[in-house]
Amino acid sequence: MTDATALPGQPRGGVLSGPATARAVNVLAPNASAMTLDGTNTWILSEPDSGLAVVVDPGPLDDGHLRHVVGTAEQAGKRVALTLLTHGHPDHAEGAARFAELTGTKVRALDPALRLGDEGLAAGDVVTVGGLELRVVPAPGHTADSLCFHLPADRAILTGDTVLGRGTTVVAHPDGRLGDYLDTLRRLRSLTVDDGVHTVLPGHGPVLDDAQGAVEYYLAHRAHRLAQVETAVEDGHRTPSEVVAHVYADVDRSLWPAAELSVRAQLEYLTEHGLV
């Protein structure tokens, strides 16, 4: 068995649901799959001495899960006062409207189509609820509307699908763009170096205790895959499906459709930079 501390980002073992930091508790959604790993992580955030909480990514439209999130907050003496979304994919956002009904909260997101209420989210915004402070970090790449949330009091960052607790994420072409994603990873690396972020609270998979190591791994992985795709094209593999079969031969075939999205993004990037 591989020691978790030897894996990229030093993922925590054990049960995923429950407290992760002094201010963050995870409630795992029951939607495990090859794409969602163990399921969607729904995060409840609150200052320890506050009666108010923020929920990030209510998850799928599963009434049992949504009520479990509310119940978990209430058992800790918290009232959910605000709902935030990292991005609009259904496994993160589909349950947001129903969750807003259950809690009477507004939903804030970058994409206006996902919002409930007058306020959205934008780069540089600071969200404060019950003394809790969250800083909005732009994170386009996986999708155009992706955001991360920096929780400075815990030296942590909530990454949605931008950085996962296990494996790597998809650049969901055409909405997602590789150039944007690489810029986002560099932005996150700066947070680990300059702002002391050391914990990743991901949208899927276990918490990572080495944020810088995780981001460095992602950057190296992307560079490696990009070089493989470039070589595959030079060797005559022209279509995205041909490139996937050649470059991702070691990946479970059930994941090839998702891999093809990333390959399309990589081919677009290489074309824009005159490399193919």
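- Tracing side-chain contacts under 4.5 Å through hydrophobic residues (I, L, V, M, F, W, Y), one reaches Val215 starting from Ile157; they form part of the same cluster.
- Across all non-hydrogen atoms, the minimal contact from Gly160 to Asp57 is CA-OD2, 4.5 Å.
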- Task: Carefully, step by step, assess His68 and Val70 under the rule side chain to side chain contact (heavy atoms under 4.5 Å, CB included).
- Result: CA-CA 5 Å; His68 183 39; Val70 176; over 6 Å; no
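- Checked against His142 for a ring-ring contact (aromatic ring centres under 6.0 Å, His included), the options His204, His89, His173, His92 give a single hit: His89.
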- Task: Might you work through the side chain to side chain contact (heavy atoms under 4.5 Å, CB included) test for Leu275 and Leu226, ending with a clear yes or no?
- Result: CA-CA 11 Å; Leu275 298 174; Leu226 195 61; 5.7 Å; no
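- You'll find the side chain of Val56 stays beyond 4.5 Å of the side chain of Leu201, heavy atoms only.
- One finds the CZ atom of Arg98 at 4.0 Å from the CG atom of Leu102 (value rounded to the nearest 0.5 Å).
- Contact record, Arg115 with Ala109: NE-O, 2.8 Å, taken as the closest heavy-atom pair.
- A 4.5 Å side-chain heavy-atom check between Val197 and Arg155 finds every atom pair outside the cut-off.
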- Task: I would like to know whether Tyr181 and Thr169 meet side chain to side chain contact (heavy atoms under 4.5 Å, CB included); could you show each step before the answer?
- Result: CA-CA 10 Å; Tyr181 186 63; Thr169 197; 3.1 Å; yes
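- No donor-acceptor distance shorter than 3.5 angstrom exists from the side chain of Lys106 to the backbone of Ala100, with no hydrogens or angles considered.
- Residues Arg166 and Leu7 are not in side-chain contact: their nearest non-hydrogen atoms beyond the backbone lie 4.5 Å or more apart.
- Side chain of Thr86 to main chain of Ser146: no donor-acceptor pair is present (N/O by atom type, distance under 3.5 Å, no hydrogens or angles).
- The closest side-chain heavy-atom distance from Leu185 to Val163 is below 4.5 Å.
- Proximity of Val54 to Leu84: side-chain heavy atoms (C-beta onward) are separated by under 4.5 Å at one or more points.
- Between the side chains of Asp161 and His87, at least one donor N or O lies within less than 3.5 Å of an accepting N or O.
- Between the Arg12 side chain and the Val207 main chain, no donor and acceptor come within less than 3.5 Å of each other.
- The closest donor-acceptor contact from the side chain of Asp125 to the backbone of Ala122 lies under 3.5 Å.
- Distance check: Leu178 CG to Asp183 CG gives 9.5 Å after rounding to the nearest 0.5 Å.
- In the displayed structure, Arg253 atom CZ is contacted under 6.0 Å by at most 12 heavy atoms of other residues, nucleotides or ligands.
- Side-chain heavy atoms closer than 4.5 Å link hydrophobic residues (I, L, V, M, F, W, Y) into clusters, and following such links, even through other members, never connects Ile44 to Val127.
- Although no hydrogens or angles enter the test, the distance criterion places a donor-acceptor pair under 3.5 Å between the side chain of Asp252 and the main chain of Ser254.
- Within a 6.0 Å radius of NE2 in His237, other residues, nucleotides and ligands contribute more than 12 heavy atoms.
- We find the CG-CG distance between Leu147 and Leu121 to be 6.0 Å, quoted to the nearest 0.5 Å.
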- Test side chain to side chain contact (heavy atoms under 4.5 Å, CB included) applied to Arg238 and Val233, step by step: CA-CA 6 Å; Arg238 300 298 181 185; Val233 173; 3.3 Å; yes
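- Remark: side-chain polar atoms of Thr103 are not paired, donor with acceptor, to backbone N or O of Val80 under 3.5 angstrom.
- A pairwise comparison of heavy atoms in Ala93 and Leu85 identifies CB-CD1, 3.8 Å as the closest pair.
- Tracing side-chain contacts under 4.5 Å through hydrophobic residues (I, L, V, M, F, W, Y), one reaches Leu158 starting from Leu52; they form part of the same cluster.
- Between Glu268 and Arg264, the closest side-chain pair of non-hydrogen atoms is not below 4.5 Å.
- Note: the hydrophobic cluster containing Leu116 does not contain Leu66 (ILVMFWY, side chain heavy atoms under 4.5 Å, direct or indirect links).
- At a threshold of 4.5 Å between non-hydrogen side-chain atoms, the residues Asp180 and Tyr269 do not count as touching.
- Between the side chain of Glu260 and the main chain of Trp256, no donor-acceptor pair closer than 3.5 Å is present.
- With hydrogens and angles ignored, the 3.5 Å screen pairs a side-chain donor or acceptor of Arg225 with a backbone N or O of Val247.
- Of the listed residues (Thr159, Val137, Thr162), just one forms a side-chain contact (heavy atoms from CB on, under 4.5 Å) with Thr184, and that residue is Thr162.
- Annotation: the span from Leu219 atom CG to Tyr217 atom OH amounts to 12.0 Å, rounded to 0.5 Å.
- Looking at every heavy atom in both residues, Ala265 comes nearest to Val171 through CB-CG1, 3.6 Å.
- Remark: side-chain polar atoms of Thr40 are paired, donor with acceptor, to backbone N or O of Asp91 under 3.5 angstrom.
- Taking hydrophobic clusters as Ile, Leu, Val, Met, Phe, Trp and Tyr residues chained together by side-chain heavy-atom distances below 4.5 Å, Leu82 shares a cluster with Leu45.
- When all heavy atoms of Pro240 and Leu267 are compared, the pair lying nearest together is CG-CD1, 4.0 Å.
- Between Leu132 and Glu47, some side-chain heavy-atom pair lies under the 4.5 Å cut-off.
- Residues Pro206 and Leu16 come closest through the heavy atom pair CA-CD2, 3.5 Å.
- Between atom NE2 of residue His221 and atom OG1 of residue Thr168 there is a gap of 3.5 Å, rounded to the nearest 0.5 Å.
- At least one donor-acceptor pair under 3.5 Å links the side chain of Asn41 to the backbone N or O of Pro202.
- Going from atom NE2 of His150 over to atom CG of Leu188 covers 10.5 Å, rounded to the nearest 0.5 Å.
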